[in-house]
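Computed from heavy atoms alone, side chains included, the values below leave out hydrogens, waters and symmetry copies. We name chains A, B, ... by the order of the sequence lines, and we start the count at 1 in each one.
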Number of protein chains: 2
Amino acid sequence: MNTTKQKIASDLDRQFAEQGFAEQGVEALRAGADVSLRTLYKHFPSREAMVVGALEHRDKAYFDWLAGGPENGIDHVLYPIIRLGDWLSEVANTGCLFLNALAEHPDSIAIREIVTDHKARLADEFRIRLRAIAPDRDVEQLAETLFLLHEGMTQTARLHGRDRATAAALRAAKAALAAEGIA
Amino acid sequence: MNTTKQKIASDLDRQFAEQGFAEQGVEALRAGADVSLRTLYKHFPSREAMVVGALEHRDKAYFDWLAGGPENGIDHVLYPIIRLGDWLSEVANTGCLFLNALAEHPDSIAIREIVTDHKARLADEFRIRLRAIAPDRDVEQLAETLFLLHEGMTQTARLHGRDRATAAALRAAKAALAAEGIA
DNA sequence: CCGATGGTAGAATGAACGCTCTACCTTGCC
DNA sequence: GGCAAGGTAGAGCGTTCATTCTACCATCGG
């Protein structure tokens, strides 16, 4: 079964989030996941694979976390931003795991790919939600704006605190929607 | 003189921006700065000091870059965001050097301090500019919003391209100002 | 001309790293 | 019972890293 693999991936995710990527060697990761080195390498045959595994785990966890929420109205569109506020209070607040990984491994194709995919999917999420409440509009620019607010909020939460960052992102999102006559 | 030191700091800044922090050892940094190992260590007695030196250099370079610009009106407030667009086209587009450094050295007090200071000064920049055009208003929330847009734009430029990120940030900034009756 | 300053090249060191390997143990199905 | 699957502990290998050190050179004010 890959139950063990998933458990390890979850531990890797948490460890990379809390301690960063560079400051932890494979031995520290092994200890944090509480498995043997052999088992760790069986599931993730290189350190890079461990990073990819952690990112894949978080990608899934993040979109699972987004399930549910209001089905109509402006809150349907704002929900990912609202939910991000909750997320930031539950996990270690060290910015975006994906962008942090990319910062440390700018040359890794596998990592670049998963980061790009995750962010594209997030941008799509806003597009889909906007189309749901404004089917007759071109929502492309608004989707980009909401995506930008989401990213900015993630980074700003590290520096100004989660609540202020959430409030600022929601304020700006509502203003952007209002300026386009949506809401 | 510290001319040599400044030259090295500038090279370190560029190298960290282009190649990331983790993937470069001291020997690579030395080669990129075209100095001897001895001289490098004379000015920056540890690798951490090299990171701090690069960040200090960029902090100064960034605020120098912000000098000038329109003195009145909404463009005075938007100028850091407009100028960020230019900046992103001139340097390697790998996100925020400060946040990347923090991602790789979450335990370094010296690095955390310079990152915090830089970001606080940037937030102040927006506060000061807002007060200049709206002296009778409480600009605190708007300053936070503009700061968030600035940060979000920096990250989004990596993924969606500089021009789209700049346009989205400016759109959102104008909407936020309009919503508060400023502009 | 001399000595201080600040540069060069690059070998040496000791620690830490990613990864592999040997040897053994536990569990559950036929 | 026995064997296959998948786990454990941890020593060892070769490499790379940050840092230090020896030995030498160029420039220039007094």
Side-chain angles (χ1 to χ4, degrees), chain A residues 1-16 18-57 100-112 114, chain B residues 1-16 18-57 100-112 114:
Chain A
M1 284 305 119
N2 49 11
T3 308
T4 303
K5 182 168 182 175
Q6 285 171 15
K7 189 261 181 195
I8 295 175
S10 165
D11 288 334
L12 291 174
D13 176 348
R14 180 177 38 75
Q15 285 190 89
F16 282 132
E18 289 174 1
Q19 314 287 339
F21 288 88
E23 294 201 353
Q24 270 175 122
V26 172
E27 167 55 27
L29 296 171
R30 183 210 63 77
D34 201 27
V35 289
S36 72
L37 208 46
R38 187 119 212 273
T39 303
L40 181 57
Y41 270 97
K42 180 153 289 182
H43 293 300
F44 304 96
S46 70
R47 192 179 189 280
E48 184 183 4
M50 296 171 204
V51 174
V52 170
L55 294 180
E56 284 172 346
H57 176 267
N100 288 352
L102 197 54
E104 305 219 14
H105 301 279
D107 295 338
S108 161
I109 292 169
I111 291 172
R112 173 165 297 270
I114 188 170
Chain B
M1 282 304 121
N2 49 10
T3 306
T4 302
K5 181 168 182 176
Q6 284 170 17
K7 191 261 181 196
I8 296 175
S10 165
D11 288 334
L12 291 173
D13 175 348
R14 180 178 38 77
Q15 286 189 87
F16 282 133
E18 287 174 1
Q19 314 287 339
F21 288 89
E23 294 201 352
Q24 269 176 124
V26 171
E27 168 52 28
L29 295 170
R30 182 210 63 77
D34 200 29
V35 290
S36 73
L37 210 46
R38 188 122 213 274
T39 304
L40 181 57
Y41 270 97
K42 179 155 290 182
H43 293 299
F44 304 97
S46 70
R47 192 178 189 281
E48 184 183 4
M50 297 171 203
V51 173
V52 170
L55 294 181
E56 283 171 346
H57 176 268
N100 288 353
L102 196 53
E104 305 220 12
H105 302 280
D107 295 339
S108 160
I109 292 169
I111 291 172
R112 174 164 296 273
I114 187 171

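- With D/dT19, C/dG7, C/dT8 as the candidates, the nucleotide lying closest to the side chain of B/Ser36 is C/dT8.
- The distance between atom CZ of A/Arg47 and atom P of D/dC17, rounded to the nearest whole Å, is 14 Å.
- Atom CG of residue B/Asn100 and atom CG of residue B/Leu55 lie 10.0 Å apart, to the nearest 0.5 angstrom.
- Side-chain N or O atoms of A/Lys5 include none that pairs as donor or acceptor with a backbone N or O of A/Leu40 at under 3.5 Å.
- Listed candidates were C/dG18, C/dT8, D/dT20. Nearest to the side chain of B/Tyr41 is D/dT20.
- The CZ-C1' distance, from B/Phe21 to D/dC17, rounds to 18 Å in whole Å.
- A sub-4.0 Å separation between OP1 or OP2 of D/dG6 and a side-chain N or O of A/His43 is absent.
- The interatomic distance linking B/His105 (NE2) with D/dA18 (C1') rounds to 13 Å, in whole Å.
- The closest donor-acceptor contact from the side chain of A/Glu104 to the backbone of A/Ala22 lies under 3.5 Å.
- What separates CG of A/Leu12 from P of C/dG18 is a distance of 13 Å, to the nearest Å.
- Here the P atom of nucleotide C/dC17 and the CD atom of B/Glu23 are 17 Å apart, to the nearest Å.
- Rounded to whole Å, the distance from NZ on A/Lys42 to P on C/dT20 is 13 Å.
- Of the inter-residue distances, the one linking B/Gln24 atom CD with B/Leu29 atom CG reads 5.0 Å to the nearest 0.5 angstrom.
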- line: Per-nucleotide protein contact along nucleotides 11-16 of chain D, 5' to 3', at a 4.0 Å heavy-atom cut-off (B base, S sugar-phosphate only, - neither), is ------

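- Looking at the side chain of A/Arg38, the nearest of the listed nucleotides D/dA18, C/dG7, D/dA9 is D/dA9.
- Under 4.0 angstrom from either OP1 or OP2 of D/dT8 there lies at least one side-chain N or O belonging to A/Thr39.
- Panel note: side chain B/Arg30, backbone B/Val35; a donor-acceptor pair is recorded below 3.5 Å.
- A close approach under 4.0 Å does not occur between any side-chain nitrogen or oxygen of A/Thr4 and OP1 or OP2 of D/dG6.
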